[in-house]
Asker: 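First the structure, then my questions, so here it is.
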Amino acid sequence: MADRMAGKVAFITGAARGQGRGHALRLAAEGADIIAVDRCAEVDSTPYPMPTEFDLAETAREVEELGRRVVPRVADVRDLDGLQAAFDAGVAELGRIDVVVANAGIVGFGRTWEFTAQEWQEMIDTNLTGVFHTAKVAIPALIEQGEGGCLLFTASIAGTKGIQTVGHYTAAKHGVVGLMRTLANELGPHGIRVNTVNPTNVDTAMIRHPAMYETLSQADAEATAANAEVTMRSMNVLSTPWVEVSDVSNAVAFLASDEARFVTGAAFPVDAGAAVK
């Protein structure tokens with residue numbers, strides 16, 4: 001199990017912290033070398049701070065502690081040319097590409113008709129177009145390499161059901177699932193598998209901030225982490241308010257490995273049953 005990614009290279013966006021860092025470390029622990037990309041700059045419409053270059057450097061340090069090579073690059077998934085340059089630099093140094101994890105994403109809150117044009121555009125540009133860009137920069141190299149490969153997109157329970165107060169996020173994640181299903185058909189003849197991972201709330205900085213607490217606390221309750229936790233727990237069938245990053249990374253490691261060699265076109269839930277509730 002510990003070497004099932006030996007000799008492989010993974011390209012991961014949103015790798016500076018949270019799920020992206022967790023996936024990088026898990027795949028490195030399985031034997032993969034890592035191309036780690038993050039924007040490392042603020043996004044105007046997000047109500048919580050973005051990761052920094054220090055965070056990306058920490059991801060790189062932890063990958064190296066596992067004995068794997070890593071190429072960290074600052075790049076914005078909205079910038080196709082910049083992302084292509086980061087990908088090309090990583091492949092030039094590490095020699096190949098096997099796994100692509102399009103994980104970079106943001107969240108914001110509000111009633112759908114009250115989102116500003118900027119809030120809507122930044123969400124779609126990051127969470128949907130950014131996934132398209134990530135796939136676009138990597139697919140030609142995977143095809144040319146001629147050894148198959150795997151694309152994994154971070155979706156959400158919001159990719160399969162409607163969720164209030166995050167209409168722009170939900171629209172983007174539905175788009176990600178549709179993109180995955182189309183690419184699975186297009187890339188199947190090349191032996192390239194394409195799947196999404198669809199978590200419920202994940203215990204990262206994306207849910208650990210006052211705007212989330214205010215959105216999820218009941219109207220007659222104080223906007224606190226504890227009160228938001230009650231709402232998050234109610235979203236799931238299993239009694240938990242969230243899953244851990246490691247739970248999602250377990251799914252990523254499985255789907256990226258040869259153990260999932262016939263799994264493609266799947267929206268893989270790590271959601272404590274939220275999608276069926």
Side-chain angles (χ1 to χ4, degrees), residues 1-40 50-75 77 83 85-105 131 134-135 137-138 141-142 145 147-154 192-193 195-197 199 202-206 208 242-261 263 268 270:
M1 292 283 286
D3 62 352
R4 60 182 172 176
M5 298 296 294
K8 296 188 176 183
V9 174
F11 175 57
I12 303 173
T13 65
R17 71 179 185 200
Q19 290 189 61
R21 178 186 288 175
H23 304 340
L25 296 180
R26 179 57 188 274
L27 294 180
E30 300 270 3
D33 295 326
I34 307 295
I35 307 167
V37 171
D38 207 293
R39 182 173 189 258
C40 299
M50 295 291 100
T52 65
E53 291 189 42
F54 174 84
D55 294 315
L56 183 59
E58 177 61 19
T59 296
R61 185 190 68 79
E62 293 186 31
V63 169
E64 288 174 340
E65 279 195 344
L66 293 168
R68 305 314 311 165
R69 295 181 295 165
V70 58
V71 180
R73 286 290 185 273
V74 174
V77 294
L83 192 63
F87 175 80
D88 291 345
V91 172
E93 184 165 337
L94 299 178
R96 58 180 297 113
I97 186 63
D98 300 277
V99 176
V100 176
V101 184
N103 169 77
V131 173
T134 304
V137 303
L142 283 168
Q145 193 168 274
E147 299 177 25
C150 174
L151 301 177
L152 290 170
F153 303 157
T154 300
I192 299 169
R193 300 179 296 106
N195 298 288
T196 60
V197 179
V202 184
D203 190 13
T204 69
M206 186 176 275
R208 294 285 193 176
W242 49 67
V243 297
E244 301 297 332
V245 169
S246 59
D247 295 309
V248 188
S249 296
N250 287 340
V252 167
F254 165 68
L255 291 168
S257 76
D258 291 340
E259 292 172 21
R261 63 193 179 122
V263 180
F268 195 94
V270 187

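Values reported hereafter were calculated over all heavy atoms of this structure, with side chains retained and with hydrogens, waters and symmetry mates removed. On a predicted model such as this, the values are computed, not experimentally measured, just so you know.
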Asker: Taking Thr13 for the side chain and Ala104 for the main chain, is one N or O donor matched with an acceptor at less than 3.5 Å?
Answerer: yes
Asker: Indicate yes or no for a side-chain donor-acceptor contact from Gln145 to the backbone of Ile97 under 3.5 Å, with no hydrogens or angles considered.
Answerer: yes
Asker: Could you pull out all residues at least two apart from Glu147 that satisfy side chain to side chain donor-acceptor pair (under 3.5 Å)?
Answerer: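 Side chain to side chain donor-acceptor pair (under 3.5 Å) list for Glu147, sorted by chain: Arg96.
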Asker: Taking only residues two or more places apart in sequence or in another chain, which ones pass side chain to side chain donor-acceptor pair (under 3.5 Å) with Asn195?
Answerer: none
Asker: Answer whether the closest heavy-atom distance between the side chains of Val9 and Val99 falls below 4.5 Å.
Answerer: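 No. Closest side-chain heavy atoms not under 4.5 Å.
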Asker: Hey, could you give me the CD1/CD1 distance between Ile12 and Ile34, rounded to the nearest 0.5 Å?
Answerer: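 Taking CD1 in Ile12 and CD1 in Ile34, the distance rounds to 4.5 Å.
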Asker: One thing to verify: whether Asp88 and Arg73 come together as a salt bridge, which I'm taking to mean a side-chain N less than 4.0 angstrom from a carboxylate O.
Answerer: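 Asp88 and Arg73: not salt-bridged.
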Asker: Is it true that a side-chain atom of Arg193 and a backbone atom of Val263 form a donor plus acceptor pair closer than 3.5 Å?
Answerer: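 Answer holds: yes.
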Asker: For the side chain of Arg39 and the backbone of Ala75, is there at least one donor-acceptor N/O pair under 3.5 Å apart?
Answerer: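 Side chain of Arg39 to backbone of Ala75: no pair is present.
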Asker: Measuring from atom CG of Asn250 to atom CG of Asp247, what distance do you get when rounded to the nearest 0.5 angstrom?
Answerer: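 Result: 6.0 Å between the selected atoms.
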Asker: Quick check: closest heavy atoms across Ala138 and Val100, and the distance to 0.1 Å?
Answerer: CB-CG2, 3.5 Å
Asker: One thing to verify: whether Arg61 and Glu58 come together as a salt bridge, which I'm taking to mean a side-chain N less than 4.0 angstrom from a carboxylate O.
Answerer: yes
Asker: Kindly give the heavy-atom pair with the smallest separation between Ala28 and Val63, and that separation in Å.
Answerer: CB-CG1, 4.0 Å
Asker: List in chain and number order the residues that pass side chain to side chain donor-acceptor pair (under 3.5 Å) with Arg17, two or more places apart in sequence or in another chain; answer none if no residue qualifies.
Answerer: none
Asker: Do you know the tightest heavy-atom contact between Leu66 and Ala29?
Answerer: CD1-N, 4.0 Å
Asker: Taking only residues two or more places apart in sequence, or in another chain, which ones meet Ser246 in a side-chain contact (heavy atoms from CB on, under 4.5 Å)?
Answerer: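 With sequence neighbours excluded, Ser246 shows a side-chain contact (heavy atoms from CB on, under 4.5 Å) to Glu244, given in chain and number order.
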Asker: Start with the C-alpha distance between Val37 and Leu83, add both sets of side-chain angles, then the distance that settles side-chain contact (heavy atoms from CB on, under 4.5 Å), and finish with yes or no.
Answerer: CA-CA 8 Å; Val37 171; Leu83 192 63; 4.0 Å; yes
Asker: If the threshold is 4.0 Å, N to carboxylate O, is there a salt bridge linking Arg208 and Asp203?
Answerer: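 Asp203 and Arg208: salt-bridged.
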Asker: To the closest 0.5 Å, what do you measure between SG (Cys150) and CE (Met5)?
Answerer: 8.0 Å
Asker: Just grab all the ring pair (Phe, Tyr, Trp, His ring centres under 6.0 Å) pairs involving residues 9-31, residues at least two apart or on different chains.
Answerer: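 Qualifying pairs, neighbours excluded: Phe11-Phe87.
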Asker: Can you name the closest pair of heavy atoms from Ala251 and Val197 and give their distance?
Answerer: CB-CG1, 4.4 Å
Asker: Could you measure the distance from the OG1 atom of Thr134 to the CZ atom of Phe153? Nearest 0.5 Å is fine.
Answerer: 8.0 Å
Asker: side-chain contact (heavy atoms from CB on, under 4.5 Å), that's the test. Do Lys8 and Leu27 meet it? Break it down for me.
Answerer: CA-CA 9 Å; Lys8 296 188 176 183; Leu27 294 180; over 6 Å; no
Asker: Please determine whether side-chain contact (heavy atoms from CB on, under 4.5 Å) holds for the pair Val248 and Thr154, giving the CA-CA distance in whole Å, both sets of side-chain angles, and the decisive distance to 0.1 Å.
Answerer: CA-CA 9 Å; Val248 188; Thr154 300; over 6 Å; no
Asker: How far apart are the closest heavy atoms of Val74 and Cys40, and which atoms are they?
Answerer: CG2-SG, 4.2 Å
Asker: By side-chain contact (heavy atoms from CB on, under 4.5 Å), which residues pair with Arg69, not counting sequence neighbours?
Answerer: Asp33, Leu94
Asker: Between Ala86 and Ile35, which heavy-atom pair has the shortest distance, and what is it?
Answerer: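 Of all heavy-atom pairs spanning Ala86 and Ile35, the closest is O-CG2, 4.1 Å.
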Asker: For a side-chain contact (heavy atoms from CB on, under 4.5 Å) check, start with the C-alpha distance between Gln19 and Val252, then their side-chain angles and the critical distance, and finish with the verdict.
Answerer: CA-CA 10 Å; Gln19 290 189 61; Val252 167; over 6 Å; no
Asker: Can you tell me how far CZ of Arg4 sits from CZ of Phe254, rounded to the nearest 0.5 angstrom?
Answerer: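 So the gap between those two atoms works out to 8.0 Å.
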Asker: Does Ala15 offer a backbone N or O that forms a donor-acceptor pair with the side chain of Thr59 under 3.5 Å?
Answerer: yes
